[in-house]
Amino acid sequence: MSDLNSVLIIEERTDSLSLVEDVFKTHIGKITPIKLPMAPQSVSTAIASEPELIVLEASKRGYAALAKLRKSCVPSRIIMFSASDAETDILNAIRNGADGYLLKDTDPAQLSALLTKALQGKMALSEGVVEILAKALRYSESEIQQASQQPLTKREKEILRLLTEGKSNRILAEELAISEGTVKVHIKNILKKLGLRSRMQAALWQLKR
């Protein structure tokens, strides 16, 4: 997956995320997602290839895949695609490191806009889940203190600051005159040091300081 905006779709059932695939092809353009079944091999592929964006179907195995991907510190943005707007499901996704939560009944035009935001490194949330997200990402004082005990390097602090602006790895690399691969390594290190699971959580942690 060498394409700059490579997208990987991992679905529970064949063509169950066809709407997402169609939106990329007909609305966003120039992006042909790669679809894989929900299986351990697919998660391994995602970890090895590090696509810009991973769309996971929300299911028991989907949440397990999310947890495994974040444990591996893959730098990809990960979006959960779900039919459920239940608070417990949304919180489960966010707490396990999802960068967004999209509902299957989202209008295609709005879905296109949200997926485009995800590719730009921004939060992608269907209407109705923003308030729940805000509650889910309130870190306790002990969590903040624990994260603060692991100091970041000067370069890591610089990248963390830029993450709050929602910039993609490509833009970060251009502004810092380093490779995208180096940016990904720095982001992995930032997440490990802060004890966080996604770049979105890192950005929000930085904004709270």
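Side chains are part of it too, since the values below use all heavy atoms of this structure and drop only hydrogens, waters and symmetry mates. Note that the structure is a prediction, hence the values are computed from the model and not measured.
Counting only heavy atoms from C-beta outward, the side chains of I34 and T45 never approach each other to under 4.5 Å. Within the 4.5 Å cutoff, no side-chain heavy atoms of L119 are placed close to those of L115. The side-chain heavy atoms of E11 and V20, taken from C-beta on, include no pair separated by under 4.5 Å. Contact check for R161 versus K157: no side-chain heavy atoms found under the 4.5 Å cut-off. Here the side chains of L162 and L176 are in contact, with some heavy-atom distance below 4.5 Å. Counting only heavy atoms from C-beta outward, the side chains of K104 and L17 approach each other to under 4.5 Å. Residues K35 and T14 fail the side-chain proximity criterion, which asks for heavy atoms closer than 4.5 Å. Using a 4.5 Å heavy-atom cutoff, the side chains of R70 and N96 are not in contact.
R155 CZ to H186 NE2: the interatomic distance, rounded to the nearest 0.5 Å, is 6.0 Å. Distance check: K188 NZ to K193 NZ gives 15.0 Å after rounding to the nearest 0.5 Å. Between I159 atom CD1 and L152 atom CG the span is 10.0 Å, to the nearest 0.5 Å. With values rounded to the nearest 0.5 angstrom, I54 atom CD1 is found 10.0 Å from L36 atom CG. Between the OG atom of S16 and the CD atom of E21 there is a distance of 11.0 Å, given to the nearest 0.5 Å. With values rounded to the nearest 0.5 angstrom, K60 atom NZ is found 12.0 Å from N92 atom CG.
In this structure, S42 contributes its side chain and M38 its backbone to no donor-acceptor pair below 3.5 Å. Y101 places no side-chain N or O within donor-acceptor distance of the main-chain N or O of L91, the cut-off being under 3.5 Å. Remark: side-chain polar atoms of R77 are not paired, donor with acceptor, to backbone N or O of D99 under 3.5 angstrom.
Residues V74 and A46 approach most closely at CG2-O, 4.0 Å, considering heavy atoms. Summarising the geometry of G100 relative to L125, their closest heavy-atom pair is CA-CD2, 4.0 Å, with the distance given to 0.1 Å. In terms of heavy atoms, A202 sits closest to L196 at CA-CD1, 3.5 Å. Looking at every heavy atom in both residues, L172 comes nearest to I187 through CD1-CD1, 4.5 Å. Between P51 and S6, the closest heavy-atom pair is CA-OG, 3.3 Å. Considering all non-hydrogen atoms of both residues, A124 and L102 come closest at O-CD2, 3.7 Å.
For E127, the CD atom is loosely surrounded, since the number of other residues' heavy atoms within 6.0 Å does not exceed 12.
With respect to the salt-bridge test (charged N to carboxylate O, under 4.0 angstrom), the residues K154 and E158 do not qualify.
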Evaluate the side chain to side chain contact (heavy atoms under 4.5 Å, CB included) criterion for residues D89 and Y63: first the C-alpha distance (whole Å), next the side-chain angles of each, then the deciding distance (0.1 Å), finally the verdict. CA-CA 9 Å; D89 291 331; Y63 285 113; 3.7 Å; yes

Where do F81 and E57 land on the side chain to side chain contact (heavy atoms under 4.5 Å, CB included) test, with the steps shown first? CA-CA 5 Å; F81 198 64; E57 183 167 11; 5.5 Å; no

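Under the 4.5 Å side-chain contact rule for hydrophobic residues, L163 and I171 do not share a cluster.
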With a 3.5 Å cut-off and sequence neighbours excluded, list the donor-acceptor pairs that the side chains of residues 106-114 form with protein atoms.
residue, atom, partner, partner atom, Å
T106, OG1, L103, O, 2.7
T106, OG1, S126, OG, 2.9
D107, OD2, A109, N, 3.0
D107, OD2, Q110, N, 3.4

